Amino acid sequence: ETGVTQTPRHLVMGMTNKKSLKCEQHLGHNAMYWYKQSAKKPLELMFVYNFKEQTENNSVPSRFSPECPNSSHLFLHLHTLQPEDSALYLCASSHNDGYTFGSGTRLTVV
Amino acid sequence: QKEVEQNSGPLSVPEGAIASLNCTYSDRGSQSFFWYRQYSGKSPELIMFIYSNGDKEDGRFTAQLNKASQYVSLLIRDSQPSDSATYLCAVSSSGGSYIPTFGRGTSLIVHP
């Protein structure tokens, strides 16, 4: 365990489903992030939260909706996804330099 | 557009050899440099960071930074099969709150 916990580890959902990914960290970090990792591509930053406030939305489609109720928890709400959204979704947190990543959620959209 | 370039590989080295992984970056204002290791099906794990020109050693790993030439490298001495993974280079403009830009990663295979 890295100190950043993501659930679920695997998720298969249909294009009409609604699901949520959860991320939790108890490292005392003040910034949390959602990344998307697709095969053969660099990590794609999706959202950044600093002290619960969203500071960056990297042109992510509205079918992805983040929520950060406190500095320890981060959610990614998913609805009407497309098959090309299938990827590994990684949560990370940071305090100074360097990220601590969660184990990721392997998402498959069918 | 900040870019971080890595050769995707795979880089194949025999066990016991030195593996050399390279990364170049476009933003001259970059200040912080990171190497992450990602095993297949796992999340990235920070293994080294470097801020100053020169070498930084940690066990079998050495990070080398040359800001004038805008490259950073990772050397792995006495490579082991367990070092087989994808190595991600990440670069950020400053310490603290700046978001790093990641490269695509280099796949390393250490064969017995």
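For the numbers below, each heavy atom of this structure counts, side chains included, while hydrogens, waters and symmetry mates do not. Remember, it's a predicted structure, so these values are computed and weren't measured experimentally. The chains referred to below are lettered A, B, ... by the order of the sequence lines, with proteins before strands, and numbering in each begins at 1.
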**Report entry** Atom NZ of Lys19(A) with >12 non-hydrogen neighbours under 6.0 angstrom
**Finding:** no

Honestly curious: do [X] and [Y] fall in one hydrophobic cluster under the side-chain, below-4.5 Å linking rule?
{"X": "Leu11(A)", "Y": "Val109(A)", "result": "yes"}
{"X": "Leu45(A)", "Y": "Met32(A)", "result": "no"}
{"X": "Val110(B)", "Y": "Leu88(B)", "result": "no"}
{"X": "Tyr36(B)", "Y": "Phe49(B)", "result": "yes"}

Query raised in the report: Are Phe34(B) and Tyr99(A) close enough that their ring centres sit under 6.0 Å apart?
Result: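 Distance test on ring centres: not under 6.0 Å, no.
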
Query - Minimum heavy-atom distance between Leu88(A) and Lys42(B), given as atom pair plus value - result: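 For Leu88(A) versus Lys42(B), the nearest heavy atoms are CD2-O, 4.4 Å.
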
Requested in this report: Answer yes or no: is there a donor N or O on one side and an acceptor on the other, between the side chain of Ser43(B) and the main chain of Gly102(A), under 3.5 Å?
Outcome: yes

Query - N/O donor-acceptor pair under 3.5 Å between Tyr33(A) side chain and Ile99(B) backbone - result: no

Query raised in the report: Top residue by heavy-atom pair count (under 4.5 Å) with chain B, among Arg106(A), Gln37(A), Lys41(A)?
Result: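 Between Arg106(A), Gln37(A), Lys41(A), the count favours Gln37(A).
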
Query raised in the report: Between Gly105(B), Pro44(B), Ala90(B), which residue shows the highest count of heavy-atom pairs closer than 4.5 Å to chain A?
Result: Pro44(B)

Query raised in the report: Once you round to the nearest 0.5 Å, how far does OG1 of Thr100(A) lie from CD of Glu45(B)?
Result: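 Output value for this atom pair is 10.0 Å.
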
